[in-house]
Amino acid sequence: MEIDRQLLREMYYHMRRIRRFEETAEELYKRGTVVGLLHLYIGEEAVATGVCLALRDDDYITSTHRGHGHLLAKGGDPKRLLAELCGRVGGYCRGKGGSMHAADLSLGILGANGVVGGGFGIATGAALSAKMRRSGQVVACFFGDGAANQGLFMEVLNMAAIWKLPVIYVCENNGFGQYTRYEEATVTDQPIGARAAAFGLPTAQVDGNDVIAVYQAAIQAVQSARAGEGPSFIEARTYRLRGHHMGDVGFARRYRTKEELEEHLKQEPVGRFHRWLLEQQLLTEAEIEELEARIETELQEAIEFVNSSPVPDVSEIMEHIYA
Amino acid sequence: MEIDRQLLREMYYHMRRIRRFEETAEELYKRGTVVGLLHLYIGEEAVATGVCLALRDDDYITSTHRGHGHLLAKGGDPKRLLAELCGRVGGYCRGKGGSMHAADLSLGILGANGVVGGGFGIATGAALSAKMRRSGQVVACFFGDGAANQGLFMEVLNMAAIWKLPVIYVCENNGFGQYTRYEEATVTDQPIGARAAAFGLPTAQVDGNDVIAVYQAAIQAVQSARAGEGPSFIEARTYRLRGHHMGDVGFARRYRTKEELEEHLKQEPVGRFHRWLLEQQLLTEAEIEELEARIETELQEAIEFVNSSPVPDVSEIMEHIYA
Amino acid sequence: MPEMREITIVEALREALAEEMSRDPTVFLMGEDIGRANGVFNVTAGLQDEFGKERVIDTPISEAGFTGMGVGAALTGMRPVIEILFCDFMTLAMDQIVNQAAKLHYMTGGQAKVPLVIRTLMGAGRGAAAQHSQSLHAWVAHIPGLKVVMPSTPYDAKGLLKSAIRDDNPVVFFEDKMSYQVKGLVPVGEYTIPLGVADVKRVGGDVTFIATSSMVQVALAAAEMLAQEGISAEVVDPRTLKPLDKETILESVKKTGRVVIIDEGYLSYGVTAEIAAIIADEAFDYLDAPVKRLGAMDVPVPMVPVLEQATVPNAEQLVTTARSLFGRRY
Amino acid sequence: MPEMREITIVEALREALAEEMSRDPTVFLMGEDIGRANGVFNVTAGLQDEFGKERVIDTPISEAGFTGMGVGAALTGMRPVIEILFCDFMTLAMDQIVNQAAKLHYMTGGQAKVPLVIRTLMGAGRGAAAQHSQSLHAWVAHIPGLKVVMPSTPYDAKGLLKSAIRDDNPVVFFEDKMSYQVKGLVPVGEYTIPLGVADVKRVGGDVTFIATSSMVQVALAAAEMLAQEGISAEVVDPRTLKPLDKETILESVKKTGRVVIIDEGYLSYGVTAEIAAIIADEAFDYLDAPVKRLGAMDVPVPMVPVLEQATVPNAEQLVTTARSLFGRRY
Ligand SMILES: Cc1ncc(C[n+]2csc(CCOP(=O)(O)OP(=O)(O)O)c2C)c(N)n1
Ligand SMILES: Cc1ncc(C[n+]2csc(CCOP(=O)(O)OP(=O)(O)O)c2C)c(N)n1
Ligand SMILES: [Mg+2]
Ligand SMILES: [Mg+2]
């Protein structure tokens, strides 16, 4: 598959932007500006980027509690996302949803979710809807290795398969569900994809820290969904570089060693892509610097936006319960 | 595998007894003596028989809304079962449960279930318990092809597999979930067993109308469970010869043709086993007649038991809510 | 006056579904055996023939899955009407109903809309035992973001179902399986009934019965019996639990000063409690007697009919309870 | 007098678990991250080290699955204590809790016993938004066959959890996540508190506050504030919703003639309604003022703390509500 420079640039831009967004959120959380639960996507940027860049603008995604990367890669606005994390009226949900419920319906971002596996039904239903409306839209359903143990996953696999729905199940296997290791909670003599294969879905297992690999798997799945051939499954193997959420630092040493973490830091996707782009002379240092500068400006603007956006007035509480 | 005549006799006895029990229940339902919902097991007798005869007396089973066969094959008392169907105090549940909740805890029969797939958790938990108590007990979990589409199935497959629990998942694929054909509701380019295989379970697909085949598969699964090697899966292909439940006669022509039904009647397991036993000269006509006579006596006694057992007094309502 | 004819609740529901599907191509149905089999209770009879397999979808036995898919479809431009056969099986889909459908509009700050209708069955009466006989409407009425409908007549059933389908919020619509054959007059032409408006099913001055779903018939029967003793009972049917038409309820209680609330859910922590609590607060000064209520007995529904029947409130009990309110004068 | 020391609710719960596991080898724990990680809120800290991986089991994220397994294990000789992290996720396991655990004893005519404890978290307060902040105890309190416990102090938490574990019925045990660090005196030795016995947390004569879980602290604070105005409030903590100690509640209300019920579940169709309804029926003749109640606002819990906090009842509101009952004399 030919990947042009423009696309590589975009990939780098998105990965780097997600990384920097998360670092900014982390920083603001420590300062108390970000409120509520915060699950960082650091280390997993290649997955959201590779998948979302394979989608059309009007395609849908469903996301998770660790969802900033998905939203940003699908074109979401860092200003409104950051404001949401900080509980401001300028946020995507006017501060009512926070990190775990950020959504941009106008961009097909059907929402993060606080329930592990909560997006399976929504994604599959959106695919049914797309098929019924003959819109040609495709749905990418992001979920974690932990979520793969929710029974709902298998229920929707069956329905997506029998009705040939245009949905792609993207399992982000980052090694952990909270503080329990993937290998402890999940059968491992078969990959997670075996579950999808049991329903006849084409499955792929890719290096989730390799954005190109993710992208290529996604493109194939999208094409087949768009062509009416039904659902696919992708497992992206990656690694969670931060804690489960901000504020659980006390747990850090309980579930992994420093050495393990350091080993994985060497493989982290943004730096790795950066090095590769330079090595392969696909982007120049100058181009990269320009992208990074653009990102810093965006994030600066986002912080300013947050600062200018007030916390909602208590009178808003009873709004938006019913449409 | 050598199967001795005593076992063949027992097999025939159980299959025939289940058949005749169901025919009796059917008759009593039409007369209004059996009350409540009644789902008959006619046509599927070889499954319960083959599996339960592979179990030890202290092993457990969980059953379904179509559960008379399981209970009887596991050693349950036709008198108390029939009384339960008729809502009598002599019934297994004093008339409070009826057909869908018949149980005999003293025989390891953990109960039928009104919720499709409702037995998955109970069976797997009983297996965990057996393992923790180091009792050497094994659990057989019966469920239908329809129940295989409940997400709970896959949740327990994962846990049974990672913890190597002594449980056997027995899928009775009788072609229908209510009035929807197996092929319409369930992925068929992969067998249901592929779901279990996705969690590393050994799987077998057997002719569910062939009691010997079922028995052999069950023996293997039981041995491996007893040996601490963990769970197994068996799909028994069979066919529901009656309606989904008594009283849905109006639905009969909606989901299958007369021809289909007749075709399957030729393969029905009791007659087929009968013919085979005679052909192979494994049992004599006289032996069979003796067994059948014994069954008729038992059923006569069951009917008398019902007649002598009163309907519970209204004062019983508030008993048994809390232990 | 519109032309009327007498039809059953089943027929009324079927008409509502057919009319809304004809009117709006985004309305579709999903559930177990609703298509080729016509629905276990015939509510969807003929609809798959009329509207095709794509719009009347027979699902696998995956309640959580297809309810969740209903949410996703509703979020993206469709108006799904799903059927959960017995409300006992809502237990399998509560996350989708309560954490997803009910909250998405709010959690997204008003962006998302979930115009989803969940039709489901309630009530004892068929000897179907404890897992097929519950009336769990109190659960969903407890959840902000959901609307909850409980029709008691063919007229209400049709008009309310049409409104539920047109509503932009998730609506849980409870049908009583023993009332399906209840008959009543229904106009020939198009009409809807707004959600949140109670209906006074019988006018009276001495005591108010607030009754839901099949208990409306029980209340009407009790009112007839009491009329013979010279006690005039008013029967108020809230029709929807969320929104709840407090005004009509309070107005009636303020008029009569006596009230019995009757509903087929378990009594404890059930729907009757909320209505009683509202009255004990907001109509306190008008009450001439304790606030009484009847619900299903707090017991898993037993299979054997003689016990089962005793768990459901009946007209005799209601009469006795009502009478007890007149032994005293304040 | 037994020797006492001051510990937190977390410590009290942990002690109860450890003691019961030591006492009875059939007691075991199952849940997400309760083992090696010590439990997300440290309640199970050190228990896996002490009792091994077989008795403190880290599960996959499969709430329905491991709850169902708890039922199966309980049926067959074990006493599982499972943890469903947030009670919002009970939605995934309601079938197992309500249709299986709650009903098996009854449906089998008394044969089956399900000595299962389900520990779960309730309450807003952490900016965790609508799917992590609910208090859904009204749902389970509605279901015959379940017992429901809501401790408010370390003493109660320990004594009630031990009783719950020894109980032969399924018990849902609600822990308030914002109260985990509440401290109180707890005896050094063994004790239990029977399920179904309310506790008068403060004696008073003018008005009764019936308060559950974290709302007990709110009620006590309000009582202090009212004391300064010369209003003496009694605070009754039911401690268990099922069984509910009606006698103690009614006794207090009959004494004071005024009552406010306060609970963190959604107000509508919530726990306060049942208690209000009981009072409006059985203590009607003793009431000097309308029956008042405070619950969480009927709204999905918003994330941003300024809104979130406003959804939870507080002492000021309770004071205002209580005062309003004294504006009038009957
Ligand atoms: C149904 C449910 N159970 C438990 C939780 C608590 N919880 C939040 S995130 C999480 C781990 C999820 O693991 P995974 O799906 O692998 O996603 P990751 O956090 O690794 O991205 C858990 C258990 C939850 N939010 N929802
Ligand atoms: C959770 C649930 N959904 C729906 C039903 C209604 N129902 C009863 S039996 C049945 C079909 C079950 O099919 P299968 O598992 O294949 O068992 P079979 O009846 O064929 O033996 C259905 C849908 C139910 N009892 N429980
Ligand atoms: Mg993970
Ligand atoms: Mg079947």
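So that the names make sense, note that chain A is the first sequence line, chain B the second, and so on, each numbered from 1.
Heavy-atom neighbours of chain B within the stretch residues 93-110 of chain D, taken at a separation under 4.5 angstrom, comprise D:Asp95, D:Gln96, D:Asn99, D:Gln100, D:Leu104, D:His105, D:Tyr106, D:Met107, D:Thr108, D:Gly109, D:Gly110. Listed by sequence position, D:Glu54, D:Arg55, D:Ile57, D:Asp58, D:Thr59, D:Pro60, D:Ser62, D:Glu63, D:Ala64, D:Gly65, D:Phe66, D:Gly68, D:Met69, D:Val71, D:Gly72, D:Ala73, D:Leu75, D:Thr76 are the residues of residues 53-77 of chain D in contact with chain B, using a 4.5 angstrom heavy-atom cutoff. Within residues 109-125 of chain B, the residues having any heavy atom under 4.5 Å from a heavy atom of chain D are, by residue number, B:Leu110, B:Asn113, B:Val115, B:Gly118, B:Gly121, B:Ile122, B:Thr124, B:Gly125.
When the side chain to side chain contact (heavy atoms under 4.5 Å, CB included) test is applied to B:Thr203, the partners found at least two apart in sequence or on another chain are B:Ala196, B:Ala197, B:Phe233.
The greatest number of non-hydrogen atom pairs below 4.5 Å with chain D, out of B:Val89, B:Ile321, B:Val139, is found for B:Ile321. Between chain D and the residues B:Gln137, B:Glu319, B:Lys96, B:Arg94, the most heavy-atom pairs under 4.5 angstrom are made by B:Lys96. The greatest number of non-hydrogen atom pairs below 4.5 Å with chain D, out of B:Ala102, B:Ala323, B:Gly108, is found for B:Ala323.
Counting only heavy atoms from C-beta outward, the side chains of B:Tyr169 and B:Ser232 never approach each other to under 4.5 Å. Between D:Leu160 and D:Arg239 the shortest side-chain heavy-atom distance falls below 4.5 Å. Annotation: side chain of B:Val306 is not in contact with side chain of B:Lys79 (no heavy-atom distance under 4.5 Å). At least one side-chain heavy atom of D:Cys87 sits less than 4.5 Å from a side-chain heavy atom of D:Met90. At least one side-chain heavy atom of B:Val47 sits less than 4.5 Å from a side-chain heavy atom of B:Tyr41. D:Leu241 places a side-chain heavy atom less than 4.5 Å from the side chain of D:Val271. Counting only heavy atoms from C-beta outward, the side chains of B:Phe21 and B:Leu72 approach each other to under 4.5 Å. Looking at B:Phe143 and B:Thr62, their side chains never come closer than 4.5 Å, going by heavy atoms from C-beta outward.
A cation-pi arrangement is absent between D:Lys158 and D:Tyr191, since the terminal nitrogen or guanidinium carbon is not both under 6.0 Å from the aromatic centre and inside a 45° cone about the axis.
Counting only N and O atoms by type, the side chains of D:Asn169 and B:Tyr322 include no donor and acceptor under 3.5 Å apart. Between the side chains of D:Ser152 and D:Asp237, a donor-acceptor pair is found at a separation under 3.5 Å.
Taking 4.0 Å as the cut-off between side-chain N and carboxylate O, B:Glu316 and B:Arg88 do not count as a salt-bridged pair. Between B:Lys164 and B:Glu229 there is no salt bridge, since no side-chain nitrogen of the basic residue lies less than 4.0 Å from a carboxylate oxygen of the acidic one.
If you measure heavy-atom distances from B:Leu152 to chain D, the contacts under 4.5 Å come from the side chain alone. For B:Leu128, the part lying under 4.5 angstrom from a heavy atom of chain D is the side chain only. Interface remark: B:Phe153 contributes no atoms to any contact with chain D (heavy atom separation under 4.5 Å).
Under the 30°/60° scheme for interplanar angles, the aromatic rings of B:His244 and B:His65 are found to be tilted.
The main-chain N or O of B:Leu40 is found under 3.5 Å from a side-chain atom of B:Arg66 such that the two form a donor-acceptor pair.
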